[in-house]
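Reviewing the structure listed below.
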Amino acid sequence: MALNQRKAGSILSYIYIFLSNTISLIYTPIMLGILGQSEYGLIGTANSITSYLSLLSMGIGASYVRFNAQARATGDKEKEYRTNGMFQTIYIVISIITLIVGMVLVFLSPYIFQANYSDTQLEEIKSIMICTVIQFVITFLFNTTAMTIQAYERFVFIRLCLIIACVLQPCINLLLLYHGGNVVTISVATLVISFLTYVVYYCYAKKVLDLKYKFDNFDKNLFKNIFVFSAFLFLNTITDQLTFSTDNIILGIFSGSIMVAIYSVGSNFKNYFMAFSTSASSVFAPKINKIIAESGPDDETNEIFIRIGRIQFYIVTLILLGYIFLGRQFVYLWVGNEYSDAYWIGLLLMISVYVPCFQNIGLEIQKAKNMHKARSVVYFLIAIVNIIITIPLSLLYGGIGASFATCLCMFIGTVIFMNIYNYKKVGIDIPAFWKSIFRILPGMIIPIVYGVFINCFININSYWNLLFVILGFVLVYFLSCWFFSMNHYEKDIFSKPLKRFLKK
């Protein structure tokens, strides 16, 4: 069943990503048209501050899957229940701290942004922040529930819930906007849907997975191990916030909400890009932890790293090449010429996460082996350097300068350092991985030539023209990879379901 859950979960993950991205691409320009550039930028400004509340999770959520796998490997249900109770107790404390810190940030927000915002805008920012603070509190309180469903590999249920919420959220938001709502109204609606989703999670975990908590006789060694293990995941979370949220704060302070809005549009492309990759690694995280918990061989984790990495490479390279050749035309049609900088911001940010997007199984292996500490420390130092570089570059070149600083620093950390560390210390066969990736490259030649041809000879002036060209590019990419890149396993992913369908 677990294998079917992983396959079905992966498929539903990509359905969810496709739906969420498609809806976002349709929904964002409509929302921009209703709210205006300045009002839309308030959301990014508020979130650039409140997003730091995620740091209070201290990386504990990511450690749950590992310790749950260890408890279940012993077959001791009481130990599992006490593990749940310990995590839930920690999250209750975190929720209280989040509420206090969040309210302090809400109080300080007018003093942080007063130079570039009106009094009305500052009040709206405060209201958005209050909703987001409450949402973080709810998320932390239900985090053990959500991670239990993940640890039990019930990916189908999780993805179905996400798909329903993904479709429901923009529909409700647009309905509210057309009836006079504003950014605050949208924030309240997001909060309500998030709460209802977690209630559904809890009911499912309680009835189907027999979720229980034991709050007595806590294992002090386990408590210590949780915090030692999570400390460096916490540092990693800080690094991610410094890398991807600080740009909005810097731009908000020095340039105002319009530049934040432009940067946010470009940053959205990076988020879409990463989503297609991380969904696969999250599905395989429980399996990797199980292999490590049962002292499985490195060959097994290396096989997963290479096999899944190749599939991720096909996906993210298709998206990156498509964006390089068609992204500028899309941005123009989508949000207008005044957002032209968003194309370059999006491209630089996508390049910054390109290699990590098809190597992120490596992080799951590191965490399962408790070897993620060095990564966290080095990434944190690089993030500090990123901030130092971002300030002058953003003052000189705006959002493009900020995204270039991120791209440069990410390359040093995620490509150069991480590949050396994974090979020398973690035991991942990086040379074999890159040899396998290089064997894919011949299939990229024809799509690149076709992309250059599109830019030189095809005029794209409507969504229908763009859609036709995109479909043509995807077809050329797929056929080229099929004949020049894919191995038998990768071809079977497509051919076996097709053969079963045709037999019916």
Side-chain angles (χ1 to χ4, degrees), residues 13-14 17-18 20-22 24-25 243-244 263 265-281 308-334 340-362 399-400 403-404 406-416 418-419 433-434 436-455 458 460 466-467 469-482 484-486 490:
S13 292
Y14 287 115
I17 293 165
F18 175 79
S20 62
N21 289 350
T22 303
S24 178
L25 293 174
T243 302
F244 294 116
Y263 188 90
V265 170
S267 182
N268 281 340
F269 291 111
K270 180 264 298 178
N271 296 334
Y272 303 151
F273 188 65
M274 291 182 67
F276 276 96
S277 172
T278 54
S279 60
S281 61
I308 303 304
R310 281 177 60 95
I311 294 171
Q312 290 174 318
F313 180 83
Y314 287 119
I315 295 167
V316 297
T317 303
L318 168 62
I319 298 169
L320 182 62
L321 290 178
Y323 185 83
I324 290 171
F325 295 119
L326 302 171
R328 188 160 32 192
Q329 300 92 318
F330 175 77
V331 170
Y332 175 77
L333 292 171
W334 186 39
S340 59
D341 282 357
Y343 167 77
W344 297 105
I345 292 168
L347 179 59
L348 287 167
L349 292 178
M350 287 168 73
I351 291 172
S352 73
V353 297
Y354 175 59
V355 173
C357 274
F358 58 86
Q359 286 192 333
N360 50 28
I361 289 289
I400 293 177
S403 54
F404 175 79
T406 299
C407 183
L408 177 64
C409 292
M410 286 285 286
F411 177 80
I412 295 170
T414 63
V415 180
I416 298 175
M418 189 46 54
N419 277 269
F433 173 82
W434 281 111
S436 184
I437 293 297
F438 286 143
R439 285 194 288 269
I440 296 176
L441 296 184
M444 303 296 121
I445 296 172
I446 294 176
I448 290 172
V449 172
Y450 181 63
V452 173
F453 173 81
I454 291 170
N455 275 258
I458 297 179
I460 300 173
L466 180 62
L467 179 61
V469 173
I470 289 173
L471 291 175
F473 185 83
V474 171
L475 179 62
V476 169
Y477 182 89
F478 177 79
L479 291 175
S480 182
C481 289
W482 181 276
F484 300 109
S485 300
M486 289 186 184
E490 291 154 359

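On a predicted model such as this, the values are computed, not experimentally measured, just so you know.
- Ring-plane geometry between F313 and F358 is classed as perpendicular, the angle between the planes exceeding 60 degrees on a 0 to 90 degree scale with a lower cut at 30.
- Side-chain polar atoms of R328 and Y332 form no donor-acceptor pair below 3.5 angstrom.
- Once rounded to the nearest 0.5 Å, the distance linking CG of L326 with CD1 of I470 reads 5.5 Å.
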(request) For L349 and F273, run side-chain contact (heavy atoms from CB on, under 4.5 Å): C-alpha distance rounded to whole Å, both residues' side-chain angles, the deciding distance at 0.1 Å, then the answer. (result) CA-CA 10 Å; L349 292 178; F273 188 65; over 6 Å; no

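- Here CZ of F325 is found 12.0 Å from CD1 of I460. Values are rounded to the nearest 0.5 Å.
- Summarising the geometry, atom CD belonging to Q312 is positioned 5.5 Å from atom CD1 belonging to I361; distances are rounded to the nearest 0.5 Å.
- Between the S480 side chain and the G443 main chain, a donor and an acceptor come within less than 3.5 Å of each other.
- Atom CD1 of residue I315 and atom CD1 of residue I319 lie 7.0 Å apart, to the nearest 0.5 angstrom.
- Summarising the geometry of S485 relative to P442, their closest heavy-atom pair is OG-C, 4.4 Å, with the distance given to 0.1 Å.
- Of all heavy-atom pairs between F484 and I446, the closest is CE1-CD1, 3.8 Å.
- Remark: side-chain polar atoms of S403 are paired, donor with acceptor, to backbone N or O of I400 under 3.5 angstrom.
- Within the 4.5 Å cutoff, the side chain of I345 has no heavy atoms near those of the F269 side chain.
- Remark: the backbone N or O of F478 is not paired with any side-chain donor or acceptor of Y314 at under 3.5 angstrom.
- L321 CG to F473 CZ: the interatomic distance, rounded to the nearest 0.5 Å, is 5.0 Å.
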(message) Please determine whether side-chain contact (heavy atoms from CB on, under 4.5 Å) holds for the pair Q359 and T414, giving the CA-CA distance in whole Å, both sets of side-chain angles, and the decisive distance to 0.1 Å.
(response) CA-CA 9 Å; Q359 286 192 333; T414 63; over 6 Å; no

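- Here the side chain of Y343 pairs a donor or acceptor atom with the backbone of I324 at under 3.5 angstrom.
- The distance from the CD atom of Q329 to the CG atom of N455 is 5.5 Å, given to the nearest 0.5 Å.
- Judged purely by atom type and a 3.5 angstrom limit, Y354 has no side-chain atom pairing as donor or acceptor with the backbone of T317.
- Scanning all heavy atoms of the two residues, the minimum distance from C407 to I351 falls at SG-CG2, 3.8 Å.
- For S267 (side chain) and Y263 (main-chain N/O), no donor-acceptor pair under 3.5 Å exists by modelled atom type.
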